[in-house]
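Have a look at the structure below before the remarks.
As the structure is a computational prediction, the values presented were derived from the model and not from experiment.
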Amino acid sequence: MTQPDDRWPGGAWRAALRVLSALLMAAAAGAAGAQAWTPVPDSGFVTAVAAAPDGRLVGVGTDRLLWTRASLQAPWVQVPGSGFVVSVALRPDGSLVGVGTDQQLWTRAHLNAAWVQVPNSGSVVGVAVMPSGVIVGVGTDGFLWQRATIDSAWARVPDSGSVTAVAARPDGSLVGVGRDQALWTRATLASPWVALPNSAAVIGVAARADGSLVGIGTDKTLWTWGAAGAQLAQAEAPCKDCPPWVARSFTANHLPLAATAEVWSRPKPFQASSGPMTVQSRFMGQQGTTCRFEVQFNNPGPKPLDERLLIARPDKAAVGGNDFPLAARLAPGTHVAYATEVRQCPLNWGETKDMDKCAACEPQVYFLAR
């Protein structure tokens with residue numbers, strides 16, 4: 001059985017690429033103190049890959065045709081009449097969406113069906129599909145773009161650059177390949193990118209049903225992330241060695257906090273009356289008895305939300321300036337931020353950005369009173 005690019009000349013440079021990719025992966029693992037990426041034997045040569053819930057893989061060969069693999073260990077099998085694409089993703093209904101060499105979207109009702117072009121769907125270089133069915137594209141500008149349905153218009157995701165490939169995980173989070181050829185995670189479409197340490201060097205990535213990852217090395221062969229679950233959980237934790245008040249903020253109905261000033265906390269999901277939302281905050285500083293925060297509400301889902309929210313501190317001092325309902329009318333993938341203050345805290349002279357100064361004020365600002 002031939003491999004995706006066995007018909008192409010240049011076995012020597014492919015071997016050199018495999019050696020270089022192995023060295024880069026080993027260097028990354030060495031920095032972590034353990035082997036992170038594990039090579040999959042006889043898995044070349046592909047430039048993009050997607051994973052199905054049943055464990056099957058669909059890859060894009062260097063010939064721009066689709067190739068399938070029944071499991072990680074199975075051989076590649078070419079899909080006849082499946083060119084020419086540069087990226088592919090699987091939709092919840094089992095159909096496929098691909099990015100053609102024309103940077104437009106194309107759909108395929110099933111693996112052996114014909115490609116059908118999606119009108120007005122350019123220009124993207126990569127594609128992923130969220131569990132909700134939202135289509136996420138990587139634009140030629142390196143930013144993420146989304147469309148609620150296959151026929152919707154593209155909407156740019158703010159602050160989402162700069163990546164070259166993206167995959168959606170079963171929990172609705174995203175994994176992207178940065179221009180540094182390392183992995184970056186994003187808890188929701190509206191969240192910031194967080195670097196996944198020691199994850200270079202890959203050119204593509206897919207997320208499997210168990211949460212593990214399949215990467216494409218610079219040698220265009222498959223590699224698996226051996227401790228994906230633990231590594232990703234660590235990357236998405238509120239922080240390493242969090243202060244107690246940060247850990248508490250991710251429990252119950254508290255506003256999530258970051259341990260560092262002027263840094264957004266990890267988003268915290270909640271169910272609003274009109275659909276799922278996430279909330280995050282950042283500490284902006286302390287002045288006397290006042291602790292200042294910014295609070296951001298995000299819509300990670302596929303439909304618009306219209307909420308009236310209230311930030312309050314039951315049995316505590318009032319939250320100055322925002323003890324009235326806040327409007328949160330959010331299109332999919334958008335967010336709204338408000339400035340707020342926690343007043344009447346223990347007296348601290350001067351002005352600082354030391355979060356510990358506000359810790360005694362129990363800065364667990366409650367949210368979501370309708």
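Side-chain contact check for Thr188 versus His335: every heavy-atom pair is 4.5 Å or farther apart. Between Phe297 and Leu305 there is no side-chain heavy-atom pair separated by less than 4.5 Å. You'll find the side chain of Ile216 stays beyond 4.5 Å of the side chain of Val205, heavy atoms only. Annotation: side chain of Val214 is not in contact with side chain of Val40 (no heavy-atom distance under 4.5 Å). Proximity of Trp154 to Val124: side-chain heavy atoms (C-beta onward) are separated by under 4.5 Å at one or more points. Leu57 is not listed as a side-chain neighbour of Thr68, based on a closest heavy-atom distance of 4.5 Å or more.
Shown here for Asn298 and Val279, the closest heavy-atom pair between the two residues is ND2-N, 4.5 Å. Between Val86 and Ala48 the shortest heavy-atom distance is O-CB, 3.6 Å. The shortest heavy-atom contact between Pro131 and Pro170 is CG-O, 3.5 Å. Considering all non-hydrogen atoms of both residues, Trp106 and Gln117 come closest at CE3-N, 3.3 Å. The shortest heavy-atom contact between Ala89 and Val129 is CB-CG2, 3.9 Å. Closest approach of Leu66 and Ser82 over heavy atoms only: N-OG, 2.9 Å.
Arg64 CZ to Thr47 OG1: the interatomic distance, rounded to the nearest 0.5 Å, is 5.0 Å. The CG atom of Leu196 sits 5.0 Å away from the CH2 atom of Trp225 when rounded to the nearest 0.5 Å. Of the inter-residue distances, the one linking Thr260 atom OG1 with Asp354 atom CG reads 10.5 Å to the nearest 0.5 angstrom. The line from CZ of Arg208 to OG1 of Thr224 is 8.0 Å long, rounded to the nearest 0.5 Å.
Between the side chain of Gln146 and the backbone N or O of Val136 there is no donor-acceptor pair closer than 3.5 Å. A donor-acceptor pair under 3.5 Å is absent between the side-chain atoms of Gln103 and the main chain of Val125, judged by distance alone. Side chain of Gln287 to backbone of Thr289: no donor-acceptor contact under 3.5 angstrom is found. Checked by atom type and distance alone, the side chain of Arg147 pairs as donor or acceptor with a backbone atom of Ser152 at under 3.5 Å. Within the 3.5 Å criterion, the main-chain N or O of Ala113 finds a donor-acceptor partner in the side chain of Arg108. A distance-only check finds a donor-acceptor pair linking the side chain of Ser281 to the backbone of Pro256 [under 3.5 Å]. At distances below 3.5 Å, at least one donor-acceptor pair connects side-chain atoms of Ser87 with backbone N or O atoms of Val127. Proximity of a side-chain donor or acceptor of Arg186 to a complementary backbone N or O of Ser191 within less than 3.5 Å is detected. Although no hydrogens or angles enter the test, the distance criterion places a donor-acceptor pair under 3.5 Å between the side chain of Lys353 and the main chain of Met284.
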Val49 and Arg69: CA distance, side-chain angles, deciding distance, side-chain contact (heavy atoms from CB on, under 4.5 Å) verdict: CA-CA 10 Å; Val49 67; Arg69 199 174 177 94; over 6 Å; no
Working for side-chain contact (heavy atoms from CB on, under 4.5 Å), residues Leu174 and Leu189: CA-CA 7 Å; Leu174 297 168; Leu189 267 176; 3.6 Å; yes
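Looking at Asp93 and Ser95, their side chains do bring a donor and an acceptor atom within 3.5 Å of each other. Checked by atom type, the side-chain pair Ser265/Gln280 shows no donor-acceptor distance below 3.5 Å.
Counting heavy atoms of neighbouring residues, nucleotides and ligands inside a 6.0 Å radius, atom CZ of Phe143 exceeds 12 of them.
For Asp141, the side chain to side chain donor-acceptor pair (under 3.5 Å) partners at least two apart in sequence or on another chain are Trp145.
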